[in-house]
Amino acid sequence: MIWQAHMKRLAQNKDGATLVEFGFVAPVLILMIMGVFDLTHSQYTTALVNGAMQDAGRNLTLESAGSQESAIDQIVIDQVSNVVPNSASVRLEKLSHFDFSDISEPEEFTDDNNDGICNNNEVFVDVNENNQWDPDRGQEGIGGARDAVLYTAIVTYPRLFPMAGLAGMSENVEIRASTVLRNQPYDEQNRTTTTGNCI
């Protein structure tokens, strides 16, 4: 009889209910807070990288860009490094094209077997002169006079908070920012029409 009275009193006791409820809510709340901070930091970093790329793009269009290319690259890397972890990697890619319409376009090829793939010794126009067919006809580097250059920064770093696995997200953040520019001086371009054969 006494133990039944104790059990009845225990069942009606609500001391500590708030703590138990908080135990259910806390993981979700903490995950949401970390997610908001992570998203905010990613957005800020994206804006900073875009700004750095726009500034670098303006500097690279100048006639003296060839001699200052590495210094301009370092400015972009330094600006990004201020807001990302030390383990972050910053990769810069420059692809020069004859014209703006060539950007992100594949090299042309004669599709003899109509399979949409450059293969079986089919002839292609080797625009970037690297002796192989490429899905992007850009040539590495900033090119020459009047060339259109696609300048891209790829920033990769581990997330600031250990919540990626819980939210089903990647452990790393990858940010890509690009700018397109045309080189000065606006002189005559030298375009070659070398051909090759697909493997």
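A quick note: this is a predicted structure, and the numbers were derived from the prediction, not measured. Worth knowing before you read on, the calculation uses all heavy atoms, side chains too, and leaves out hydrogens, waters and symmetry mates. Residue numbers count from 1 along this sequence.
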**Prompt:** Can you find a side-chain donor-acceptor pair between Asp78 and Asn82 that sits under 3.5 Å?
**Reply:** no
**Message:** Would you say Leu29 ends up clustered with Val36 if hydrophobic residues are merged whenever their side chains have heavy atoms under 4.5 Å apart, either directly or through other cluster members?
**Reply:** no
**Asked** Should the pair Arg182-Asp99 be classified as a salt bridge under the 4.0 Å nitrogen-to-oxygen rule?
**Response** yes
**Prompt:** Under 3.5 Å, side chain of Trp133 to main-chain N/O of Asp126, donor-acceptor pair present?
**Reply:** no
**Asked** Could you state the interatomic distance from CE (Met34) to CG (Leu39), rounded to the nearest 0.5 Å?
**Response** 14.0 Å
**Request:** Kindly give the heavy-atom pair with the smallest separation between Ile103 and Ala148, and that separation in Å.
**Result:** CD1-CB, 4.3 Å
**Request:** Group every Ile, Leu, Val, Met, Phe, Trp and Tyr by side-chain heavy-atom contacts under 4.5 Å, then state whether Ile175 and Val83 land in the same group.
**Result:** yes
**Asked** Hey, any chance Ile77 and Leu48 share a hydrophobic cluster, counting ILVMFWY side chains that come within less than 4.5 Å of each other, even indirectly?
**Response** yes
**Request:** Determine yes or no for a side-chain-to-main-chain donor-acceptor pair under 3.5 angstrom, with Arg137 supplying the side chain and Val127 the backbone.
**Result:** no
**Message:** Side-chain heavy atoms nearer than 4.5 Å, only ILVMFWY residues, links allowed to pass through others: does that put Leu150 and Phe98 together?
**Reply:** no
**Request:** Tell me, yes or no, whether the heavy-atom count around Glu108 atom CD, taken from other residues, nucleotides or ligands under 6.0 Å, exceeds 12.
**Result:** no
**Asked** Does any N or O in the side chain of Glu174 come within less than 3.5 Å of the main-chain N or O of Thr156, such that one atom is a donor and the other an acceptor?
**Response** no
**Prompt:** Val149 versus Ser96: any side-chain heavy-atom pair under 4.5 Å?
**Reply:** yes
**Fill in**
Rounded to the nearest 0.5 angstrom, the OG1-CG distance for Thr194 and Asn130 is 10.5 Å
**Asp147 side chain vs Asn183 backbone, donor-acceptor pair below 3.5 Å** = no
**Request:** Measure the CE-CZ distance between Met53 and Arg176 for me, rounded to the nearest 0.5 Å.
**Result:** 10.5 Å
**Prompt:** For the residue pair Asp111 and Asn113, what are the closest heavy atoms and their distance?
**Reply:** OD1-OD1, 3.0 Å
**Message:** Can you tell me how far apart SG (Cys198) and CD (Glu107) are? Round to the nearest 0.5 Å.
**Reply:** 9.0 Å
**Asked** Which heavy atom of Ala177 sits nearest a heavy atom of Val49, and at what distance?
**Response** CB-CG1, 3.4 Å
**Message:** Minimum heavy-atom separation for Asp112 and Glu122, please, with both atom names.
**Reply:** N-OE2, 3.0 Å
**Prompt:** Can a donor-acceptor pair be found between the side chains of Gln132 and Asp134 at a distance below 3.5 Å?
**Reply:** yes
**Request:** Report the distance from atom OH of Tyr157 to atom OG of Ser42, rounding to the nearest 0.5 Å.
**Result:** 4.0 Å
**Message:** Could you check whether any side-chain N or O of Asn128 sits under 3.5 Å from a backbone N or O of Gly138, counting only pairs where one atom can act as donor and the other as acceptor?
**Reply:** yes
**Message:** Hydrophobic clusters here meaning ILVMFWY residues chained together by side-chain heavy-atom distances under 4.5 Å, can you tell me if Val76 and Tyr44 are in one?
**Reply:** yes
**Any side-chain donor near an acceptor of the partner, Asp73 and Tyr151, under 3.5 Å** = yes
**Prompt:** Side chains of His97 and Asp136: is there a donor and an acceptor less than 3.5 Å apart?
**Reply:** yes
**Message:** Main chain of Thr152, side chain of Glu93: is a donor-acceptor contact present, judged purely on distance under 3.5 Å?
**Reply:** no
**Message:** Run Glu140 and Lys94 through side-chain contact (heavy atoms from CB on, under 4.5 Å) and show every step you take.
**Reply:** CA-CA 6 Å; Glu140 288 191 21; Lys94 297 180 207 75; over 6 Å; no
**Request:** For Leu181 and Phe100, work out which heavy atoms get closest and say how close.
**Result:** O-CE2, 4.0 Å
**Asked** How far apart are the closest heavy atoms of Pro158 and Pro85, and which atoms are they?
**Response** O-CG, 4.1 Å
**Message:** Rounded to the nearest 0.5 Å, what separates atom CD1 in Ile72 from atom CG in Asp55?
**Reply:** 9.0 Å
**Request:** Would you please say whether a donor-acceptor pair under 3.5 Å links the side chains of Asn50 and Gln54?
**Result:** no
Could you give the side-chain donor-acceptor pairs of residues 159-170 under 3.5 Å, partners two or more places apart or in another chain?
| from | atom 1 | to | atom 2 | distance (Å) |
| --- | --- | --- | --- | --- |
| Arg159 | NE | Ser170 | O | 2.7 |
| Arg159 | NH1 | Asp38 | OD2 | 2.6 |
| Ser170 | OG | Asn172 | N | 3.2 |
| Ser170 | OG | Asn172 | O | 3.2 |

